[in-house]
Amino acid sequence: MTKILIPLEKSIGERRVSATPETVKKLNALGCEIFIEKSAGELSGFNDFSYEQNGGEIFNFNDNDVWKKADIVFCINCPDKENLIKLKEGALVIGLMNPFGNKKLIEILSVQKLSAIALELLPRISRAQSCDVLSSQANIAGYKSVLLAASELDRYFPMLMTAAGTVQPAKVVILGGGVAGLQAVATAKRLGAMVFVSDIRPAVKEQVESLGAKFIDLPEISEKPLESGGYAKAVSSEFLKEQREILSRHLSEADVAICTAQVLGKKAPILINENMLEKMRPGSVVVDLAVSQGGNCVNTKPNETIIRNGVKLIGAPDLPTSVPYHASSLFSKNLISLISPFFKEGIFELIKDDEIIQGCLISDKGAILQEKVFEIGVRN
Ligand code: NAD
């Protein structure tokens, strides 16, 4: 029987878990034995008993034998070295491995002869949509970013007509109209704001308009292709300069800016610089979801709120973990979709020339497969 280990996530502030009682039941039906570290689901709203009721077995953090016998480890974030070295040769770790430029990871995987799937590298093909944790988690981040902005803003979001006078709707500018950005648009619209979006992929214009928001025109400099494999490409500094000029006008009238613009494996583009911040209204709020990649706004710091000339700058790298129940439910369902096709009559066998696996398998029993990702932070 394939033995799957579900660890208690150890990263600071992490509240998600990589399997829920519902997905443990599904793994059982596939013919797996599932070992869940004590209290692993507690912060997501799943207690140990609910895992046991669905066929899981609870183990204590000091039970090294479970790590030694595991065939597969499901995780949100890559487990620490202390636990990885307990795994047997050929064990498969699946999660957000943070592989970009991560030379320490390459060393552990190759020395310990481990296999690993980095979910960040799932190819953007239709068949991979149901496995795509970046999308399921970005959706949550987009939703929560708007709620956070609304609760920090010094004014209402919707237009209100009251006996004391009329309140104008808030103006929200969203930078990046991918999964997080589009969910931020939908959430801000539901709260009654006027919403404007900037993205460099022209396809986003139609999606934004279908949600009732306005697309901010792109600079006229022609720069093509702006997209490859479903990902935006980094644009030139001349393009960014012109883009910032266009954005500056919008931001000077904005109440809220939500920053979601990213380029896979690269630093996020700076879309709000010091000059632009100076023109923003005191009391306005910037929520920067791209802060872990350097941020779209200057001066934002992960998990910090900084006030600059009265503008609140919120660095929000981990919003999915603030909705742990649904973040865990969706993440764990993504994992089931990813591995289910590789079970035949209870036996797990990874098909390495499968298009999805080819894209995201970073190590095969210690043989490193995506060296460029580890070395210089880009795809092979
Ligand atoms: P992302 O997180 O990589 O980037 C966020 C957004 O930032 C993107 O829309 C990108 O175009 C934008 N951006 C980059 N540089 C910018 C700049 N200078 N100014 C403004 N915006 C900038 O992207 P994402 O949200 O994960 O998804 C992007 C697209 O890929 C979406 O259309 C999504 O539906 C699609 N997607 C497809 C699959 C699949 O088919 N399996 C999976 C995931 C995403």
Side-chain angles (χ1 to χ4, degrees), residues 96 100 119-143 145 173-186 196-208 210-211 213 215-219 221 223-248 250-251 257-273 276 287-297 316-317 319-320 330-331 334 337-338 354-360 377-379:
L96 291 168
F100 298 105
L119 296 172
E120 295 91 335
L121 299 176
L122 276 175
R124 291 191 156 173
I125 55 172
S126 308
R127 191 163 63 82
Q129 274 176 352
S130 60
C131 328
D132 189 20
V133 300
L134 291 188
S135 294
S136 67
Q137 305 302 296
N139 225 322
I140 295 174
Y143 158 79
S145 64
V173 175
I174 295 176
L175 306 176
V179 179
L182 291 177
Q183 184 53 251
V185 174
F196 296 79
V197 182
S198 170
D199 198 296
I200 54 170
R201 291 180 300 120
V204 175
K205 184 174 191 307
E206 202 187 317
Q207 294 162 350
V208 161
S210 73
L211 289 169
F215 189 73
I216 300 174
D217 286 332
L218 285 166
I221 300 182
E223 193 132 327
K224 283 183 181 152
L226 291 167
E227 184 170 358
S228 147
Y231 283 100
K233 296 188 91 172
V235 289
S236 69
S237 50
E238 290 76 29
F239 186 100
L240 269 180
K241 190 163 165 268
E242 276 208 30
Q243 191 186 6
R244 283 194 290 261
E245 263 162 40
I246 297 170
L247 287 176
S248 186
H250 284 274
L251 289 165
I258 306 279
C259 304
T260 78
Q262 301 199 46
V263 178
L264 184 79
K266 296 232 162 83
K267 246 181 129 273
I270 295 282
L271 298 173
I272 309 181
N273 63 19
M276 294 160 84
V287 180
D288 196 344
L289 303 186
V291 66
S292 309
Q293 280 74 42
N296 293 146
C297 176
L319 287 181
L330 296 170
F331 192 106
N334 291 144
S337 299
L338 177 66
D354 176 276
E355 194 179 356
I356 297 180
I357 299 305
Q358 268 185 349
C360 59
V378 294
R379 264 169 198 266

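Reckoned from all heavy atoms, side chains included, excluding hydrogens, waters and symmetry mates. Not measured: the values here are computed from a predicted model. Atoms within a ligand are numbered from 1 in the order they appear, just like the ligands themselves.
- With contacts defined as side-chain heavy-atom distances shorter than 4.5 Å, the pair Leu251/Ile272 qualifies.
- No donor-acceptor pair under 3.5 Å is formed between the side chain of Asp288 and the backbone N or O of Gly295.
- Taking a cut-off of under 4.0 Å to the non-hydrogen atoms of Gly176, the atoms of ligand 1 that pass are 7 (O), 21 (N).
- The part of Asp132 lying near ligand 1 is the side chain, judged by heavy-atom distances below 4.0 Å.
- Within the structure, ligand 1 lacks Gly181 among the residues with a heavy atom less than 4.0 angstrom away.
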### Message
Could you go through Val133 and Leu96, starting from their C-alpha distance and side-chain angles, then the distance that decides it, and tell me whether this counts as side-chain contact (heavy atoms from CB on, under 4.5 Å)?
### Response
CA-CA 9 Å; Val133 300; Leu96 291 168; 3.9 Å; yes

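- With hydrogens left out, the protein atom closest to atom 24 (P) of ligand 1 is Arg124 NH2, 3.5 Å, a heavy atom.
- For ligand 1 and Ala232, the ligand atoms under 4.0 Å from any heavy atom of the residue are 10 (C), 11 (O), 14 (C).
- Counting atoms of ligand 1 from 1 in the listed order, those under 4.0 Å from a heavy atom of Gln129 are 39 (C), 40 (O), 41 (N).
- With Ile216 as the partner, the side chain to side chain contact (heavy atoms under 4.5 Å, CB included) test is satisfied by one option alone out of Ile174, Val173, Asp199, Leu175: Val173.
- At least one N or O atom of Val179, backbone or side chain, sits closer than 3.5 Å to an N or O atom of ligand 1.
- Judged as a side chain to side chain contact (heavy atoms under 4.5 Å, CB included), and not counting sequence neighbours, the contacts of Phe239 are Ile200, Leu218, Pro219, Ile221, Glu223, Val235, Ser236, Gln243.
- Note: no N/O pair closer than 3.5 Å links Ser135 and ligand 1 by distance alone.
- At least one heavy atom of Gly177 sits less than 4.0 Å from an atom of ligand 1.
- Between Asp132 and Arg127 there is no salt bridge, since no side-chain N of the basic residue sits under 4.0 Å from a carboxylate O of the acidic one.
- Considering only heavy atoms from C-beta on, Met276 comes within 4.5 Å of Leu247 through its side chain.
- Between Leu271 and Cys297, every side-chain heavy-atom pair lies at or beyond the 4.5 Å cut-off.
- If you check which protein heavy atom lies closest to atom 41 (N) of ligand 1, you get Ile125 O, 3.0 Å.
- Protein heavy atom nearest atom 5 (C) of ligand 1, with residue, atom name and distance: Thr260 O, 3.3 Å.
- For atom 32 (O) of ligand 1, the closest non-hydrogen atom on the protein side is Arg201 NH1, 3.4 Å.
- Among protein heavy atoms, the minimum distance from atom 15 (N) of ligand 1 is reached at Ile200 CD1, 3.6 Å.
- At under 3.5 Å, a nitrogen or oxygen of Gly178, whether backbone or side chain, sits near a nitrogen or oxygen of ligand 1.
- Using a 4.5 Å heavy-atom cutoff, the side chains of Leu134 and Leu119 are not in contact.
- Only the side chain of Pro269 comes within contact range of ligand 1, with a heavy atom under 4.0 Å; no backbone atom does.
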### Task
Apply side-chain contact (heavy atoms from CB on, under 4.5 Å) to Ile356 and Leu122, showing your working.
CA-CA 6 Å; Ile356 297 180; Leu122 276 175; 3.5 Å; yes

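- Considering backbone and side-chain N/O atoms, Gln207 never comes within less than 3.5 Å of an N/O atom of ligand 1.
- Scanning all protein heavy atoms for the shortest distance to atom 2 (O) of ligand 1 gives Gln262 CB, 4.2 Å.
- In summary, the atoms of ligand 1 found under 4.0 Å from a heavy atom of Leu271, numbered by their order in the structure, are 18 (N), 19 (N).
- Closest to atom 8 (C) of ligand 1 among all protein heavy atoms lies Asp199 OD2, 3.5 Å.
- Ala213 meets the side chain to side chain contact (heavy atoms under 4.5 Å, CB included) test with Val185, Val195, Val197, Val208; sequence neighbours excluded.
- Side-chain contact check for Gln293 versus Lys267: every heavy-atom pair is 4.5 Å or farther apart.
- Ranking the protein heavy atoms by distance from atom 19 (N) of ligand 1 puts Gln243 NE2, 2.8 Å first.
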